[in-house]
Structure formats: C-alpha cells, structure tokens
Amino acid sequence: MAISQPIVSWYLEQDFDHVAISFDDHLVDAVEISLSKSRIEAEFYAENHSDRLWNLLRSQIEEDRQRGLYPTFSEVGFGFKRLFWNPKYFPSGVSKYDRRSRLRLRSRIQVLKSIQNMNSLQYEALSVLACKLSGAAHFCMTPNDDFGIDFFAVIPSIGRTHLFSGGSGPLRIVGQCKMYERGVERAVIEPFIIALGRVHQRSTLLKDLIPNWFLTERGPIIGWFVAHNGLQTKAKEYANNFGIVHSDSRDLAEIVTMSRAWQPSDGINAPVELMRREIDEILSP
C-alpha cells in the first residue's frame, strides 16, 4: 500500500482538462511522476498493477466521503474504470451547496501543493489556522520547548442535544503536528499521550505553557494529532484507543478550501493567498 499511495494521491491532486477521464489513460503518467520511474518502467508497472491501483483509488474516494471530505471524483458506473472529475462535473439536480463545493475543489489542489512546500513551523501554524477557521475563540502556538505540545485552541462544541450543544463548554484542543514524508508510527504518538495526560492533570511542568484562557474554560480536553501523511495502521489504532483526533494534510486543505473566508469568485488561488497571509500573521511576534 505504501508504494501505491503516491499514485493514488497523484489522481487526487491532479488538475484535469476534461470532465470525464479514463483511469488507464493517465496511469502511466501517474506512475512515472509519483514513483520517479522511467517511461518504460512506468508502462510495465501500470500494465501489471492497473486493477489493484484502480481499486485502491475507489477505496480512497469512499474513505474520503466517509471522513467528510468532498469527493474529488464520481464513478461512471461499475466496472468501467472511468471517473467524472467533480470540479467540472455539474449533473442536473445538483444543489447550490454542492455546486459551490465542486467549484472549490480546484482550489483544494492548489492548497495541497502549497502545503507540500511548507516547513514544520509553517505547518504548525496551518493547524492553528484550521482551528481558527473552525470557529476557535482562542488559539496559540507553543514555544519550541513544548513538552510534546505544539498548539492550544478552544473550539465551540455543536450537537443536536442539550448535552452536546455547547452547554458543557467548548472543546479544549491540545495539538501536535508532524510534517513527515511517511505515515507516523505508533512510537511517535506515545509521547503526545503522556503530554496530554499532563494537561489533564494540570502538571506543574506545564504551568508556564498552558494559556489561562485554556484553563478557565470548562469544556472537555481533546487531543488532536496532525500528520502530513497521516498515521500508520497501528498508530491509528493506538490514537483511537486514547480518544485522539487525528488528521492529515488533506483534512487541513479541506478546512481552508471550504472556509467562508473566501468565495470561488475570488479566484482559484484565493485560499492559498488567504492561508499564507494568515500563517504569516500567526507566526509574527
């Protein structure tokens, strides 16, 4: 799966010229570019792994839908290995909300490309920006000597019953970010679990680190682990068992892209400009 993921990501981050695309027509390019193979090697690899890679892409599309990301593609019937590229696909009956979301998808590609060029400090600031765009009332990054914590935030809790509608207080977010080229391993998660426990216990080690506005709120304390390329399987299981919210750069790009802070009429690169401006402001002294 690890060697195949860059190929799947290539399809998800490509700006296509046509509404309907054939998976196999682009597979050689995807393999050559994402795996840095020669053209001959890419053709051989594509010929021998086409069906498996197609199924992986379909699985990724379904996973994106389940985790709340607006899908990049719609499948053209079963067994055809053809896709509609949603940024240009507006079927009859599509709602105004869906139309706006589809128009924003091309910007999501640009946001993802911009994230690839960030350093670790900018990536931390991006996670703080994601909190802000999610409605955070308070947010801040921590100093370098952070005891395994990169940022704090307070985000409103919204639910359909009185118990989860914010009456118990907003969510208090304790976050850590990793700008790794591969999925984060379980061993990297373990120190964050310890740090989160210290926050729960109000350890004296963190007395100068935790903001007062975080301490005075009475909502639940939630750990959020942000990893550029997500978590490996065992790390996901470990994080889930401790109630840690985990996400990757595609989640951050989704938050930036779907934000009401800009409109599709502002242009494809508007969210990238917004993101860079906000990150500079967060990082400024």
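Using a 4.5 Å heavy-atom threshold, the side chains of R65 and Q60 count as separate. Contact of the E124 side chain with the I282 side chain is not registered, since no non-hydrogen atoms from C-beta on lie closer than 4.5 Å. In this structure, R250 and L12 have side chains that are in contact, with non-hydrogen atoms separated by less than 4.5 Å. The closest side-chain heavy-atom distance from P170 to I155 is not below 4.5 Å. Within the 4.5 Å cutoff, side-chain heavy atoms of W85 are placed close to those of F73. Looking only at side-chain heavy atoms (C-beta outward), V94 and R102 come within less than 4.5 Å of each other. Taking 4.5 Å as the limit, some side-chain heavy atom of R277 sits within range of a side-chain heavy atom of L274. The shortest distance between side-chain heavy atoms of L83 and W54 falls below 4.5 Å.
Taking the six-membered ring for Trp and thresholds of 30 and 60 degrees, H26 and W10 have ring planes inclined between 30 and 60 degrees apart.
A distance-only check finds a donor-acceptor pair linking the side chain of Q176 to the backbone of G148 [under 3.5 Å]. In terms of modelled atom types and a separation under 3.5 Å, the side chain of S259 and the main chain of V256 share no donor-acceptor contact. Checked by atom type and distance alone, the side chain of N241 never pairs as donor or acceptor with a backbone atom of Y238 at under 3.5 Å. Side chain of R39 to backbone of E32: no donor-acceptor contact under 3.5 angstrom is found. At least one donor-acceptor pair closer than 3.5 Å links the side chain of K88 to the backbone N or O of D17. Judged by distance alone, the side chain of S114 and the main-chain N or O of V111 form no donor-acceptor pair under 3.5 Å. Judged by distance alone, with hydrogens and angles left aside, the side-chain atoms of T142 form a donor-acceptor pair with the main-chain N or O of I149 at under 3.5 Å. When atom types are taken as modelled, the side chain of S107 and the backbone of N269 share no donor-acceptor pair closer than 3.5 angstrom. Side chain of S59 to main chain of N55: a donor-acceptor pair is present (N/O by atom type, distance under 3.5 Å, no hydrogens or angles). Listed for the D150 side chain is no donor-acceptor partner under 3.5 Å among the backbone atoms of G175.
Taking CD1 from I194 and CD1 from I189, the interatomic distance works out to 12.0 Å, rounded to the nearest 0.5 Å. For the atom pair R100 CZ and Q263 CD, the distance stands at 8.0 Å (nearest 0.5 Å). Between E273 atom CD and E278 atom CD the span is 13.0 Å, to the nearest 0.5 Å. The structure places CG of D251 at 8.5 Å from CG of D64, a figure rounded to the nearest 0.5 Å. The OG atom of S127 sits 11.5 Å away from atom CD1 of I173, with the distance rounded to the nearest 0.5 Å. Distance check, rounded to the nearest 0.5 Å: OH of Y123 to CD1 of I279 gives 10.5 Å.
For the ring pair (Phe, Tyr, Trp, His ring centres under 6.0 Å) criterion with F151, the lone passing option out of F214, F139, F225, W224 is W224. When K81, R58, R82, E75 are each tested for a side chain to side chain contact (heavy atoms under 4.5 Å, CB included) with F23, only one passes: K81.
Nearest heavy-atom pair across S249 and L112 is O-CD2, 3.8 Å. Looking at every heavy atom in both residues, A30 comes nearest to I7 through CB-CG2, 4.1 Å. Nearest approach of A136 to A153, heavy atoms of both residues: CB-CB, 4.5 Å. Across every non-hydrogen atom of R52 and Y45, the tightest pair is NH2-OH, 3.4 Å. Heavy atoms only, all atoms of each residue included: H246 and A239 are closest at CD2-CB, 3.9 Å. Listed here is the closest heavy atom pair of Y180 and N229: O-ND2, 3.1 Å.
Evaluation of the side chain to side chain donor-acceptor pair (under 3.5 Å) test over residues 193-210, restricted to residues two or more places apart or in two chains, returns none. Under the salt bridge (Lys or Arg N to Asp or Glu O under 4.0 Å) criterion, no residue pair touches residues 232-242, with sequence neighbours excluded.
Hydrophobic cluster membership is shared by V128 and M118, with clusters built from Ile, Leu, Val, Met, Phe, Trp and Tyr side chains linked at under 4.5 angstrom. F242 and I221 fall within a single hydrophobic cluster, where Ile, Leu, Val, Met, Phe, Trp and Tyr side chains are chained together by heavy-atom contacts under 4.5 Å. The hydrophobic clustering, which links ILVMFWY residues whose side-chain heavy atoms are closer than 4.5 Å, places I222 and L206 apart. By the rule that hydrophobic residues join a cluster once side-chain heavy atoms approach within less than 4.5 Å of another member, I255 and M141 end up as members of one cluster. Hydrophobic cluster membership is shared by L133 and L126, with clusters built from Ile, Leu, Val, Met, Phe, Trp and Tyr side chains linked at under 4.5 angstrom.
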Q116/H228 under side chain to side chain contact (heavy atoms under 4.5 Å, CB included): CA gap, chis, key distance, verdict: CA-CA 9 Å; Q116 298 285 352; H228 179 49; 3.4 Å; yes
Under the side chain to side chain contact (heavy atoms under 4.5 Å, CB included) rule, what do Y89 and L105 come out as? Steps first, then yes or no, please. CA-CA 11 Å; Y89 178 50; L105 289 177; over 6 Å; no
Can you list the steps and then say if F152 with R172 is a side chain to side chain contact (heavy atoms under 4.5 Å, CB included)? CA-CA 7 Å; F152 292 97; R172 290 184 285 174; over 6 Å; no
Side chain to side chain contact (heavy atoms under 4.5 Å, CB included) between L196 and I244, intermediate numbers included: CA-CA 10 Å; L196 187 59; I244 304 298; 3.4 Å; yes
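We find that D248 and R67 are joined by a salt bridge, their nearest charged nitrogen and carboxylate oxygen being less than 4.0 Å apart. In summary, E190 and R186 engage in a salt bridge, as defined by a charged side-chain N under 4.0 Å from a carboxylate O. Between E254 and R108 there is a salt bridge, with a side-chain nitrogen of the basic residue lying less than 4.0 Å from a carboxylate oxygen of the acidic one.
In E63, the CD atom is crowded: over 12 heavy atoms of neighbouring residues, nucleotides or ligands sit closer than 6.0 Å. Surrounding CG of N119 are more than 12 heavy atoms belonging to other residues, nucleotides or ligands, all under 6.0 Å away. In F44, the CZ atom is not crowded: 12 or fewer heavy atoms of neighbouring residues, nucleotides or ligands sit closer than 6.0 Å.
Side-chain contact of T72 with Y11: a donor-acceptor pair under 3.5 Å is absent, judged by distance alone.
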